[in-house]
*Asks:* 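Supplied in C-alpha cells, the structure appears directly below.
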Amino acid sequence: MKNKDTGDYITAADLSGVLPDIIDWAIRLKNDDRELDFKPLNGMTIGSIYEKPSTRTRVSFEVGISKLGGNALTLLSNDIQLGSSETIADTAEVLSRYLDCITYRCFSHSDVVELAVNSSIPVINALSDMHHPCQAAADLMTIVEHLDKLDGHIAWVGDGNNVLHDLVLASAIIGIDIKYATPKGLEPDQKIINLAKDIAKENGVQISQSNNPKEVVTGASVVYTDVFVSMGEEHMKSKFDSFEGFQVNKELVDLADKNYIFMHCLPAHRGEEVTDEVIDSKNSVVFDQAENRMWAQMSILTYLCNYDAWLAYKELL
Ligand code: CP
Ligand code: NVA
C-alpha cells in the first residue's frame, strides 16, 4: 500500500523536507559494521520497468532490494504489454495487485506521473526525460560525504537536462549553492528552476545561471557534467554543435577550488563532455556516486515501503 505520508518519489522535490535524513540514513547504513539482521523488505517484491537501457540503476536496485530482504523483479518494456497493447493506467492497477513498489525508467515524464497516480503502491522514478531523482539523492549523499573539504558551490557544465533538474532541486533542499552553465537555448526547464528557487529561498541557497562554463567553475567545490545528448535524443545529433567550449578538461577545472571533486552520473562519453585526465584524476568521485546509488535507493525504498522500519533504524543511529 502507498503510505499517505510518504507517497511516491517522482522528483527530488517529493522528498523536500526529508532528503537530509534519507541521506544520513544511507550513509549510516553504508558504514554500519554491526551484525544487524535488518530486512525491512522481507516478503516484499519490487518490480522495475525499463524502457531504456541501464547499468547502474538496474544493478543497484536489484542488489539493494536483495540486501534489504526483498525480491527484485525486472520488467523490460519489450517483454511486457505496457505501451504496445495495454495502457499505463491498467498496468498500474494490475501491478499494484502483485507488487509492493514499482520503479520505472521511461521516456516521457508524464508516463511515470500517470503510473504513480494510478498505482496504490509507491512508485519511484528511475529516470525520465525530465527528472532523475535517484541520481540526485546519491549525488548529494556523495557531496555530504566530502563536505569536510568543500565550502564552495556546485558548478554544472553541460546540457539543461534531467540530471541537472534534480541536482538543482536537491542542492536547494540540502542547502548548497549551485551555478549552472548551459549553452544558449539548452537551459533547464524554467518551472523546475522556479520551484527550486522557492525551496532555495527558505534554505538561504543561491541558484545562478550562465552560458559560460568558466564563470561557473571558478572557485567551485564540485564540478559536474553529463552527456551532451541523452537517451532518446540520439536523433538530435546537431545538438552537439552547441557544446563548443563545454568540455570539462584540465584548463577548465584549474579554475575550481584546489580541493574540488569531479562528478558525473555515468555513463561518460570520454573525450566528449569530459577528458580522461579529469575523470581519472584523484579529484574524481564518479565511482563513489555509482556505489551510492545503491545506498541512497535502499534508504528511499525503506522509507516508502516500510516507514516504521525506516524510523526504527533512524532511532538506532
Ligand atoms: N546514472 C545512471 O542512471 O546510469 P544507468 O543509465 O546505467 O542506470
Ligand atoms: N542525461 C542522461 C542521464 C543518463 C543516466 C540521459 O538521460 O540519458
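What you are looking at is a predicted structure, and each value in this text was computed from that prediction instead of being measured. Order of appearance sets the numbers: ligands from 1, and atoms from 1 within every ligand.
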*Asks:* Measure the distance from atom 4 (O) of ligand 1 to every protein heavy atom, then report the residue, atom name and distance (to 0.1 Å) of the closest one.
*Replies:* R56 NE, 2.8 Å
*Asks:* For D129, which part has a heavy atom under 4.0 Å from ligand 2: side chain, backbone, both, or neither?
*Replies:* neither
*Asks:* I need the atoms of ligand 2 closer than 4.0 Å to a non-hydrogen atom of L266, numbered in the order shown.
*Replies:* 5 (C)
*Asks:* Any atoms of ligand 2 less than 4.0 Å from a non-hydrogen atom of N161? List them with their elements.
*Replies:* 1 (N)
*Asks:* Examine Y313 together with F38 and report whether their ring centres are nearer than 6.0 Å.
*Replies:* yes
*Asks:* Number the atoms of ligand 1 from 1 as they appear, then name those within less than 4.0 Å of a heavy atom of C265, with their elements.
*Replies:* 1 (N)
*Asks:* What protein heavy atom sits nearest atom 7 (O) of ligand 2, and how far away is it?
*Replies:* N162 ND2, 2.8 Å
*Asks:* Which part of D159 is near ligand 2, with near meaning a heavy atom under 4.0 Å away: side chain, backbone, both or neither?
*Replies:* neither
*Asks:* Is it the case that Q297 and S60 place a side-chain donor and acceptor less than 3.5 Å from each other?
*Replies:* yes
*Asks:* If we ignore hydrogens and angles and just use 3.5 Å, is the side chain of T275 paired with the main-chain N or O of N249 as donor and acceptor?
*Replies:* no
*Asks:* Within the 4.0 Å heavy-atom shell around H132, which atoms of ligand 1 are there?
*Replies:* 2 (C), 3 (O)
*Asks:* At a 4.0 Å cut-off, with the gap strictly under it, does some heavy atom of R293 reach an atom of ligand 1?
*Replies:* yes
*Asks:* Answer with yes or no whether the side chains of D139 and Y224 bring together a donor and an acceptor at under 3.5 Å.
*Replies:* yes
*Asks:* For T55, take its heavy atoms, then give the atoms of ligand 1 lying under 4.0 Å from any of them.
*Replies:* 5 (P), 7 (O), 8 (O)
*Asks:* Please identify which atoms of ligand 1 are closer than 4.0 Å to at least one heavy atom of T57.
*Replies:* 2 (C), 3 (O), 5 (P), 8 (O)
*Asks:* Nearest non-hydrogen contact with atom 2 (C) of ligand 2 belongs to which option: A268, S230, P53?
*Replies:* S230
*Asks:* Checking side-chain polar atoms at under 3.5 Å, does D226 have a donor or acceptor matched by the opposite partner on N161?
*Replies:* yes
*Asks:* Hey, are the side chains of I65 and L301 touching, using non-hydrogen atoms and a 4.5 Å cut-off?
*Replies:* yes
*Asks:* Can you find a pair of side-chain heavy atoms, one from M141 and one from Q289, that are under 4.5 Å apart?
*Replies:* no
*Asks:* Does an N or O anywhere in R58 fall below 3.5 Å from an N or O of ligand 1?
*Replies:* no
*Asks:* Given that the side chain starts at C-beta and the backbone is N, CA, C, O, which of these parts of K52 lies under 4.0 Å from ligand 1, counting heavy atoms, or is it both or neither?
*Replies:* neither
*Asks:* Would you call T57 and R105 a side-chain contact if the rule is heavy atoms closer than 4.5 Å?
*Replies:* yes
*Asks:* One residue to check: L266. Relative to ligand 1, which of side chain, backbone, both or neither has a non-hydrogen atom less than 4.0 Å away?
*Replies:* backbone
*Asks:* Does an N or O from M231, backbone or side chain, lie closer than 3.5 Å to an N or O of ligand 2?
*Replies:* yes
*Asks:* Got the closest protein heavy atom to atom 3 (C) of ligand 2, with its distance?
*Replies:* D226 OD2, 3.6 Å
*Asks:* Are the side chain of T302 and the backbone of N306 linked by a donor-acceptor contact shorter than 3.5 Å?
*Replies:* no
*Asks:* Closest non-hydrogen protein atom to atom 6 (O) of ligand 1, residue and atom name please, with distance?
*Replies:* R105 NH1, 2.8 Å
*Asks:* I'd like to check M130 versus I192 (side-chain heavy atoms, cut-off strictly below 4.5 Å). Are they in contact?
*Replies:* yes
*Asks:* Does a side-chain heavy-atom distance below 4.5 Å link Y104 with L127?
*Replies:* no
